[in-house]
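Small disclaimer: the values here were computed from a predicted structure and weren't measured. Position 1 is the first residue of the sequence, and the numbers go up from there.
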Amino acid sequence: LGNTNECQWFGITCESNQNSTVTRVTLSQNQASGSIPSEISALTGALRIDLYSNSIQGSIPTSIGSLSLLELLDVEENDLSGPIFTTTGVLRLTNLVALRGSFNDFTGTIPTEIGNLNNLEQLWFADNGRISGSIPSQIGALTSLESIFAYANALNGTIPTQFAGTNQVNLTQIRLYNNALIGSIPSQLVGPLGLETLRLDNNQLTGSIPTQIGQLAFLQDFRVNENNIFGRIPSEIGNLLALQNLILNNNFFSGDIPEQAFTTLSSDLRFVDISNNRFLRGSIPSTLFVLPSVRNIYLSNCSLTGTMPSNYGTASNLRDLFVDGNNLNGTVPEIQTGQLPQLNEFLLHRNTFTGSVPASVCQLRNTQGGTLEDLWSDCQGNPPEILCDFPVCCNRCF
């Protein structure tokens, strides 16, 4: 590593003792390049190595495994490759509290020895693309785990039932989206009652949503979209009093949207996407529009029936309302002056609405001084299914 006193190097912190032991290497966002030298093993007193956001290449040398005191290893946002989980390297660091390796080009699998890192709180290896294989059951042994970011990789197999059980009570963040996971969502996955984020979207999961989901009183972000999940949307989601994002689109849910759930759901709910669930039937819950913070409601391409709830104008923060591609009928209700002041997109097409688009809705168009950019309806044909002045009111007719 050189002949000069390392304690004088930029980014190096030493302990004030007789040996001037290096305890920290802090070179984040420093435009560093090259590779991590195998001589890093000489830093036997190192507690933290932070190389975040540089242009470092090569692999993590297995010699790093000799740094038995190391608590933090942050190599996120570099150009590193090769395996991150090596049994003779990183997985020997049993004092690690934070392992951050996201946004690189790491490969390989997760060995069962991951369970040896029993002090680990942060396990981040997202967006490497080529970390593959299954999640070992030994991950359930990480009782101190607070967050796992493993999204945008090539993980497959099922989610182990040992993961996120009641022995991982500190877990608040689970982000496994954009992988190739299969099987059902284990009920044990909702064991940590402090869970705030549960993202399983864009996998190949099947089965139904466990009713135990309703136990997660602190859950803010719940996404299982882009899977093969079926069954009913559990009414227990109404117990999610902190929920902000409910994203269930592109699955095979059936039955009705549970209206009662939105009566008790979080007043902070902002984003609801249940679109592209062709077996979902019943009417649009009027309780959706009572939620004071809701901004986006996407119900496209289901098999919903009935009429548009007359209170849809009460959602004062609503920006997008998509109800296209259903079997809705009747007329589009009028709204009162001053309602829907932020509405940007309103898609009504591919239904069986009749009558005409109300003048009170047309007045929301940006051509009329409002914020509504897109208003689409079935106003094409002779005669059209629904009357709408094109392009002054509706800017697209189907």
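The minimum heavy-atom distance between N326 and S303, with the atom names listed, is OD1-N, 3.4 Å. Residue D324 comes nearest to S300 through the heavy atom pair OD1-OG, 2.6 Å, listed as atom of the first residue, atom of the second, then distance. Nearest approach of I135 to P160, heavy atoms of both residues: O-CG, 3.5 Å. Contact record, M308 with L348: CE-CD2, 3.8 Å, taken as the closest heavy-atom pair. Minimum interatomic distance between N311 and V290 (heavy atoms only, all atoms of both residues): ND2-CG2, 3.8 Å. Closest non-hydrogen pair, T314 versus F289, comes out as OG1-O, 3.0 Å.
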Under the side chain to side chain donor-acceptor pair (under 3.5 Å) criterion, do S360 and E334 qualify, and how do the steps go? CA-CA 6 Å; S360 56; E334 292 271 2; 2.5 Å; yes
May I have the step-by-step check of side chain to side chain contact (heavy atoms under 4.5 Å, CB included) for I237 and L246, ending in yes or no? CA-CA 9 Å; I237 63 171; L246 177 63; 3.8 Å; yes
Kindly indicate, with the supporting measurements, whether the criterion ring-ring contact (aromatic ring centres under 6.0 Å, His included) is fulfilled by F346 and F322. CA-CA 6 Å; F346 189 12; F322 292 11; 9.3 Å; no
Stepwise side chain to side chain contact (heavy atoms under 4.5 Å, CB included) test for Y52 and Q29: CA-CA 6 Å; Y52 166 73; Q29 296 179 307; 3.9 Å; yes
N277 vs F230, side chain to side chain contact (heavy atoms under 4.5 Å, CB included): CA-CA, chis, key distance, verdict: CA-CA 9 Å; N277 281 284; F230 52 83; over 6 Å; no
Before you tell me yes or no, could you show the steps for N276 and N249 under side chain to side chain donor-acceptor pair (under 3.5 Å), namely the whole-Å CA-CA distance, both residues' side-chain angles and the distance that decides it to 0.1 Å? CA-CA 6 Å; N276 297 307; N249 60 284; over 6 Å; no
Output, in order, the C-alpha distance, side-chain angles, deciding distance and verdict of side chain to side chain contact (heavy atoms under 4.5 Å, CB included) for L99 and L120. CA-CA 8 Å; L99 174 58; L120 203 60; 4.1 Å; yes
Run the salt bridge (charged side-chain N to carboxylate O under 4.0 Å, His left out) check on D105 and R130 step by step: do they pass? CA-CA 7 Å; D105 195 27; R130 294 191 294 163; 3.1 Å; yes
Do Q122 and S147 pass the side chain to side chain donor-acceptor pair (under 3.5 Å) test, and can you show the C-alpha distance, the side-chain angles, and the key distance before you say yes or no? CA-CA 5 Å; Q122 298 176 353; S147 58; 5.1 Å; no
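Note that CG of L243 and CG of D221 are 8.0 Å apart. Values are rounded to the nearest 0.5 Å. Atom CG of residue L43 and atom CD1 of residue I12 lie 7.0 Å apart, to the nearest 0.5 angstrom. Interatomic distance, L189 CG to F163 CZ, rounded to the nearest 0.5 Å: 6.0 Å. In this structure, the separation between OG on S66 and CG on L93 is 8.5 Å, given to the nearest 0.5 Å. How far CG of L67 is from CG of L96: 9.5 Å, rounded to the nearest 0.5 Å. Atom OH of Y177 and atom CG of N225 lie 11.0 Å apart (nearest 0.5 Å).
Residues E76 and S102 have side chains that bring a donor and an acceptor to within less than 3.5 angstrom of each other. N301 and S275 share no side-chain donor-acceptor pair at under 3.5 Å. Counting only N and O atoms by type, the side chains of E259 and S286 include a donor and acceptor under 3.5 Å apart. One side chain, D374 or N395, offers a donor N or O that lies under 3.5 Å from an acceptor on the other. Judged by distance alone, the side chains of E15 and T23 never bring a donor and an acceptor atom under 3.5 Å apart. No side-chain N or O of R365 forms a donor-acceptor pair with one of Q363 less than 3.5 Å apart.
Linking Ile, Leu, Val, Met, Phe, Trp and Tyr whenever their side-chain heavy atoms come within less than 4.5 Å puts I36 and I64 in one cluster. When hydrophobic clusters are built by joining Ile, Leu, Val, Met, Phe, Trp and Tyr residues whose side-chain heavy atoms come closer than 4.5 Å, directly or via intermediates, W124 is not grouped with I114. Under the 4.5 Å side-chain heavy-atom criterion for Ile, Leu, Val, Met, Phe, Trp and Tyr, L70 and L123 are members of the same hydrophobic cluster. Two different hydrophobic clusters hold W376 and L364 under the rule that ILVMFWY side chains link at heavy-atom gaps under 4.5 Å. When the side chains of ILVMFWY residues are joined at heavy-atom separations under 4.5 Å, either directly or via intervening members, F149 and I139 end up in two distinct hydrophobic clusters.
Contact check for V294 versus N317: no side-chain heavy atoms found under the 4.5 Å cut-off. You'll find the side chain of I229 reaches within 4.5 Å of the side chain of I209, heavy atoms only. Side-chain contact between D268 and L241 is absent, with no heavy-atom pair separated by less than 4.5 Å. A 4.5 Å side-chain heavy-atom check between L181 and L176 finds at least one atom pair inside the cut-off. With a 4.5 Å cut-off on side-chain heavy atoms, T307 and F353 do not count as touching. The closest side-chain heavy-atom distance from L117 to L91 is below 4.5 Å. In this structure, the side chains of L304 and V323 stay at 4.5 Å or more apart for every pair of heavy atoms. By the 4.5 Å heavy-atom criterion applied to side chains, F218 and Q220 are not counted as neighbours.
The aromatic ring centres of F106 and F85 sit 6.0 Å or more apart.
Ion pair D320/R295 not flagged as a salt bridge, since none of the NZ, NE, NH1 or NH2 atoms sits closer than 4.0 Å to an Asp/Glu carboxylate oxygen. The residues R223 and D201 are annotated as not salt-bridged, no charged nitrogen and carboxylate oxygen being separated by less than 4.0 angstrom. Here D50 does not pair with R48 in a salt bridge; the nearest charged N to carboxylate O distance is not below 4.0 Å.
With T367 contributing its side chain and V392 its backbone, the two residues share a donor-acceptor pair below 3.5 Å. Of the possible donor and acceptor atoms, none in the side chain of S35 sits under 3.5 Å from a partner among the backbone N and O of Q57. Checked by atom type and distance alone, the side chain of N54 pairs as donor or acceptor with a backbone atom of N30 at under 3.5 Å. Of the possible donor and acceptor atoms, one in the side chain of T371 sits under 3.5 Å from a partner among the backbone N and O of P341. When atom types are taken as modelled, the side chain of D378 and the backbone of N351 share a donor-acceptor pair closer than 3.5 angstrom. No donor-acceptor pair under 3.5 Å is formed between the side chain of N202 and the backbone N or O of A152. Between the side chain of N78 and the main chain of I56, a donor-acceptor pair closer than 3.5 Å is present. Here the side chain of T352 pairs a donor or acceptor atom with the backbone of L328 at under 3.5 angstrom. When atom types are taken as modelled, the side chain of N227 and the backbone of Q204 share a donor-acceptor pair closer than 3.5 angstrom. Listed for the D256 side chain is no donor-acceptor partner under 3.5 Å among the backbone atoms of L280.
In this structure, C379 and C388 have their SG atoms no less than 2.5 Å from one another.
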